[in-house]
Amino acid sequence: MTTIVKTDPVRPSNDSVEAAAEVIRRGGLVVFPTETVYGLGANAYSREACLQIFKAKERPPDNPLIVHISDMGMLKEVAGRVSSEILGKLERVWPGPVTVLLQRSERIPDTVTGGSALVAVRMPDNILSLELIRKAGVPIAAPSANISTRPSITDSRHAIEELDGRVDFIFDCGPTAEGVESTIIDISGRECTLLRAGAKPVEELEEIFGPIRITEFSRGLLESTVPLAPGMKYRHYSPRKKLYLASSRLFAREVSERSEFLGKILIIGSEETCAKSRLDCISLGKEADLDEVARNLFSALREFDKTQCEIGIIQPFEERGKGLAVMNRIRKASSGYTENLDSLRTYLN
Ligand code: AMP
Ligand code: MG
């Protein structure tokens, strides 16, 4: 049985957090909001509890989990020795949507890291999640709360639809603030590498960590069968219906103005594109407001699946700031690319 409790993520009720912390302490699963997306959490020190995460999510066992901490004291328990220089840098980005890879401590089981010697750690910028970790008294390992391969969950409505009956506890706290997952960087070696574009723009991280290598993979341009890091090889964020990325904003608009596609094609685009569309549309927000686009993206992918149309066309957005994460998610969620009406017609029945 799943306990579902509604509370304010900024001023969570003490009883609700206490009840969820108790679930974590006794080895259960809790779905909770962070500032990025909803997480599906368990006691990071317990191999058995973490195994339940993989089961509930149907997640491949070699796709590692992020360990969420509430204070720097906990960092010392999950990571090996961290230099004071790195600690100083982490204090500038935490709490916040930044995950770093560090040498793991012996307390972290293999289940959490996929057998890797590195552990992914972050301190979320969300009062409810920090209170939950603090009350549980242990770090919480949590991947995104979606079933594996599905779009991440950024609204508790979708968490309840997908996970009621699969977990012990769900916090019903409405939409999350950021809408895309944390930015993941590997700072364990000499060179700093981006593993996943996310809510924290790389430009801002470079001011703190120095130059960051951006791989094609982190932009979602390459689906490698030899993963750069565990967990990077898997299909991600996919709606059930086929979604195609338009080669340009203009082409997405051209499609949206063709009434021959009415009822067949749904457009996912900016407010500006939707304003002129003759087809059904889901708006992600103003074209230049990439924060808003990021916030709406995953919910839009899930709403798209509930419509009657055959396929979806999504427009590209500018790849700066949060746009790097937005385009990474869009590329991964898409089944292909479309640049002219002839190719598009072949995708329709
Ligand atoms: P999720 O929060 O569902 O997106 O999953 C966490 C992601 O963090 C995984 O897909 C990995 O890409 C990444 N990750 C977690 N732990 C590690 C690790 N030890 N090494 C490399 N990547 C990691
Ligand atoms: Mg995920």
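Heavy-atom basis, side chains included; hydrogens, waters and symmetry copies ignored. Count residues from 1 along the sequence. What you see is a predicted model, and the numbers here were worked out from it, not measured in a lab. As the structure lists them, so they are numbered: ligands from 1, and atoms in each ligand from 1.
If you look at Arg59 next to ligand 1, the close heavy atoms, those under 4.0 Å, all belong to the side chain. Counting heavy atoms under 4.0 Å from ligand 1, residue Leu101 touches it through the side chain alone. Of all the heavy atoms of Leu65, the ones lying under 4.0 Å from any atom of ligand 1 belong exclusively to the backbone.
Of the polar atoms of Leu118, at least one N or O is found under 3.5 Å from an N or O of ligand 1, judged by distance alone.
In this structure, Arg196 is part of the shell of residues with a heavy atom less than 4.0 angstrom from ligand 1.
Within the listing of ligand 1, atoms 15 (C), 16 (N), 17 (C) sit less than 4.0 angstrom from a heavy atom of Ala120. Residue contact check: Ser144 has heavy atoms under 4.0 Å from atoms 1 (P), 2 (O), 3 (O) of ligand 1.
With sequence neighbours left out, the ring-ring contact (aromatic ring centres under 6.0 Å, His included) criterion links Phe298 to Tyr237. By the side chain to side chain donor-acceptor pair (under 3.5 Å) test, Glu85 is found to be paired with Lys89, residues two or more places apart in sequence or in another chain being considered. With sequence neighbours left out, Arg26 forms a side chain to side chain donor-acceptor pair (under 3.5 Å) with no residue at all.
Side-chain N or O atoms of Gln315 include one that pairs as donor or acceptor with a backbone N or O of Ser270 at under 3.5 Å.
Residues Thr154 and Ser299 bring a donor and an acceptor atom of their side chains to less than 3.5 Å of each other. Side-chain polar atoms of Arg196 and Thr99 form no donor-acceptor pair below 3.5 angstrom. No side-chain donor from either of Ser144 and Glu181 sits under 3.5 Å from a side-chain acceptor of the other. A donor-acceptor contact under 3.5 angstrom links the side chains of Ser129 and Asn126, judged on distance only.
Any protein N/O/S atom under 2.8 Å from the Mg ion (ligand 2) was counted, giving 1 altogether.
Of the listed options Thr113, Thr36, Asn63, Asn63 places a heavy atom closest to atom 10 (O) of ligand 1.
The number of heavy-atom neighbours closer than 6.0 Å to NZ of Lys241, taken from other residues, nucleotides and ligands shown, is above 12.
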